[in-house]
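Atoms within a ligand are numbered from 1 in the order they appear, just like the ligands themselves.
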Amino acid sequence: MSEVNTDWKEIWKQAPLQGTALAMWRLPNQSQQVLLQDTGGGIRTEADQLEQLGPGFLVGPFVGQPYFLRASALFVKSTANPVINRTAAVLIPEDVTLKNQFKEQVSQSIEQIKTGQFQKVVLSRIDVQTLEPDFDLCDAFERLCGSYPSAFVSAIYLPDLQNIWLCATPETLVSQDSDGIFRTISLAGTQSGLDSNGHVLAPSEARWSQKEIEEQAYVSRYIIDCFKKIRLREYIENGPKTVLAGNLMHLKTEYLVSTRELTYPHLITQMLGLLHPTSAVCGTPKEAALDWILQTEKHDRSLYSGYLGPINLDSETHLFVNLRTVQISHGKATYFAGCGITEDSDPEKEWQETQMKCQTLQRVINASL
Ligand SMILES: C=C(O[C@@H]1C=C(C(=O)O)C=C[C@H]1O)C(=O)O
C-alpha cells in the first residue's frame, strides 16, 4: 500500500478521463481511509467464489451481477476525523406530487399484502437535488466519516455506469475477519434518533411498536432460513437491540459463526448468494416481493440496496448493504431511501421514514445548510 502524500482529489478528477474505476472507504469505527484504483476499469463477475477473486472491492447492484475492482493500486491514510455533531435537520421542501405518488404505492402494497401475495415489501423512492457548484466529493466523504463514525462510509466510481455513489451505511451484509469469524446482521424498524430539539436520544429511550418488531423479525427469520438451507446450526445470535445509526434508530440482531471451528471455508460466498437481497431491502417471500418492487417502483434502483465493500484485503472481507446512499452525476444528487411495508403500515409514516433516511446524507452533503 502506498502512504499518504498522493493527492486523492486529483485521482478522482482523473478517473473519468482515464477510464479508471475507484473505491474509497472507511470501515466502521476505524480511522484508516483507503483508496483503491483499478486501472482496468473493473469487470463484471460472478460472486460464487469470492476467495478466488483476489484483493479488491466488490460492488453488487440490487439485481444483477457484481462488479469487481482489482486492487491495481491502494493508498491509505489515517485521519482522526473530528466527530461532527450535525444534528440540525435540513429543511428541503416536500414535493407534494412525489409524496402522493409514494403514499399511493404504499397503499397499493398494503392491499397486495392483504391478498396474501407476500407479507412484507420494501418500497423505495428517490429525491433528486441540485448540488452546490462547489460540491467536492472528497470533502463530503470526510464530513460523512466525521459525522457517522460507526457507519461504513464509501465512494465509488465505475466507468461502466459513469457516475459516483457515496454512502454511509449502517448495515453489514456479510463479513469475515482474519480469524475466520463470519458475521451478518438483521437490521430493520426505524425511528428518529433525535428528540424534538435535535439532541441525540439514548437507545434505551426507543419505543418499538408491534409492526416494527415484526418487520425486523422477518429479516431475522430470513437469515436463519438461509443458515438452515446449508444445514448450519451452530451460530451465535445477539439481539434484537436498539442501535443508533446517525440520525436514526433501528432494531438489530447479530449472527456470528466460527468458520474455522465448523470447517465452512466458503460460508461467506454461500451466504452472499443466499442472503442478497435480504428481507431488509426486498421483502418476504423474496421472489414475490421482488416482482412487486420491479413492477411498482418507477426508478431503477441500480446500486441502491445492492452491496459493496473490500474483499480479500488483509485476509478480511466486509460487504455492506448500499443504503443511506446518493448517486452523483452531472451536478445532480439522487438520494435513495426505502421502508419496510407490512399490513399495519401507515403511508404517511412510511413517507416520513424515507424523508429521515434521505436526510442522513442530505444534512451532511449540504454542508452550507
Ligand atoms: C431500506 C432502507 O433501510 C432498511 C430498512 C429499514 C426499515 O424498513 O426500517 C431499516 C434499515 C434498513 O435495513 C434504506 O435505508 O433505504
Side-chain angles (χ1 to χ4, degrees), residues 62 102 105-106 109-110 113 118-127 144 148 150-152 154 165-174 184-193 206 208-223 239-255 275-284 286 289-290 293 296-297 299 301-308 319-327 334-347 349-363:
F62 177 58
F102 185 72
Q105 289 176 347
V106 173
S109 304
I110 298 169
I113 290 169
F118 42 83
Q119 287 93 53
K120 174 184 171 182
V121 68
V122 181
L123 266 199
S124 72
R125 68 172 183 97
I126 53 171
D127 183 354
L144 282 175
Y148 302 124
S150 61
F152 173 69
S154 170
W165 287 75
L166 178 64
C167 76
T169 174
E171 189 162 338
T172 300
L173 179 58
V174 286
T184 186
I185 64 165
S186 149
L187 191 82
T190 304
Q191 57 183 269
S192 176
W208 296 104
S209 67
Q210 190 56 36
K211 184 253 170 192
E212 291 154 330
I213 292 169
E214 190 178 82
E215 198 186 323
Q216 195 250 354
Y218 279 124
V219 188
S220 301
R221 243 174 272 144
Y222 175 79
I223 292 174
K241 286 185 195 144
T242 300
V243 289
L244 194 65
N247 53 331
L248 299 175
M249 290 203 271
H250 300 299
L251 280 168
K252 168 171 155 181
T253 308
E254 179 182 53
Y255 298 86
L275 284 172
H276 176 71
T278 72
S279 175
V281 294
C282 183
T284 308
K286 177 154 76 177
L290 181 59
I293 290 170
T296 308
E297 290 182 353
H299 57 276
R301 285 196 181 193
S302 182
L303 303 184
Y304 163 68
S305 66
Y307 54 87
L308 76 177
L319 294 174
F320 298 85
V321 187
N322 190 11
L323 302 175
R324 318 299 141 82
T325 190
V326 60
Q327 180 197 65
T334 305
Y335 298 89
F336 290 73
C339 53
I341 296 156
T342 64
E343 195 170 356
D344 302 322
S345 281
D346 169 1
K349 279 198 193 148
E350 301 297 359
W351 165 263
Q352 294 304 340
E353 182 173 323
T354 58
Q355 284 284 84
M356 289 193 293
K357 285 175 173 163
C358 286
Q359 291 227 338
T360 307
L361 256 62
Q362 286 169 343
R363 66 204 194 114

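Relative to the ring axis of Tyr218, Arg221 places its NZ or CZ within 45° and under 6.0 Å from the centre.
Between Val122 and Ser279 the shortest heavy-atom distance is CG2-O, 3.6 Å. When every heavy atom of His250 is checked against every heavy atom of Gly189, the shortest pair comes out as ND1-O, 2.9 Å. Closest heavy-atom contact between Arg363 and Thr360: CG-O, 4.0 Å.
Between Ala337 and ligand 1, no pair of N/O atoms sits closer than 3.5 Å. Below 3.5 Å of separation, one finds no N or O of Leu323 facing any N or O of ligand 1.
Atoms of ligand 1 lying under 4.0 Å from at least one heavy atom of Ala188, given by number and element, are 9 (O), 10 (C). Atom numbering of ligand 1 starts at 1 in the shown order; those under 4.0 Å from a heavy atom of Leu187 are 11 (C), 12 (C), 13 (O). Numbered from 1 in the order shown, with element, the atoms of ligand 1 that lie under 4.0 Å from a heavy atom of Gly189 read 7 (C), 9 (O). Proximity to Glu215 (heavy-atom distance under 4.0 Å) selects the following atoms of ligand 1: 7 (C), 8 (O), 9 (O). Proximity to Gly340 (heavy-atom distance under 4.0 Å) selects the following atoms of ligand 1: 8 (O). The distance from ligand 1 to the heavy atoms of His250 drops below 4.0 Å at these ligand atoms: 10 (C), 11 (C). Of all atoms in ligand 1, listed by their number and element, those nearer than 4.0 Å to a heavy atom of Cys339 are 8 (O).
Ranking protein heavy atoms by distance to atom 4 (C) of ligand 1, first place goes to Ala280 O, 3.6 Å. The single protein non-hydrogen atom nearest to atom 15 (O) of ligand 1 is Arg324 NE, 2.7 Å, given as residue, atom name and distance. For atom 6 (C) of ligand 1, the nearest non-hydrogen atom of the protein is Lys357 NZ, 3.2 Å. The nearest heavy-atom contact from the protein to atom 9 (O) of ligand 1 is Thr190 OG1, 2.5 Å.
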Derivation and outcome, side chain to side chain donor-acceptor pair (under 3.5 Å), residues Ser124 and His299: CA-CA 9 Å; Ser124 72; His299 57 276; 2.9 Å; yes
Worked verdict on Ser186 versus Ser220 for side chain to side chain donor-acceptor pair (under 3.5 Å): CA-CA 5 Å; Ser186 149; Ser220 301; 2.9 Å; yes
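With Lys120 as the fixed residue, the side chain to side chain contact (heavy atoms under 4.5 Å, CB included) test singles out one of Ile341, Val219, Ile113: Val219.
Proximity of a side-chain donor or acceptor of Tyr304 to a complementary backbone N or O of Asn322 within less than 3.5 Å is not detected. At least one donor-acceptor pair closer than 3.5 Å links the side chain of Glu212 to the backbone N or O of Ser209.
Summarising the contacts of atom 14 (C) of ligand 1 with Phe336, Tyr304, Tyr335, Tyr218, the nearest heavy atom is found in Tyr304. Within the set Gln216, Glu353, Glu212, Glu171, the minimum heavy-atom distance to atom 13 (O) of ligand 1 is found for Glu171.
Lys357 and Glu171 are not joined by a salt bridge, as no carboxylate oxygen comes within less than 4.0 angstrom of a charged side-chain nitrogen.
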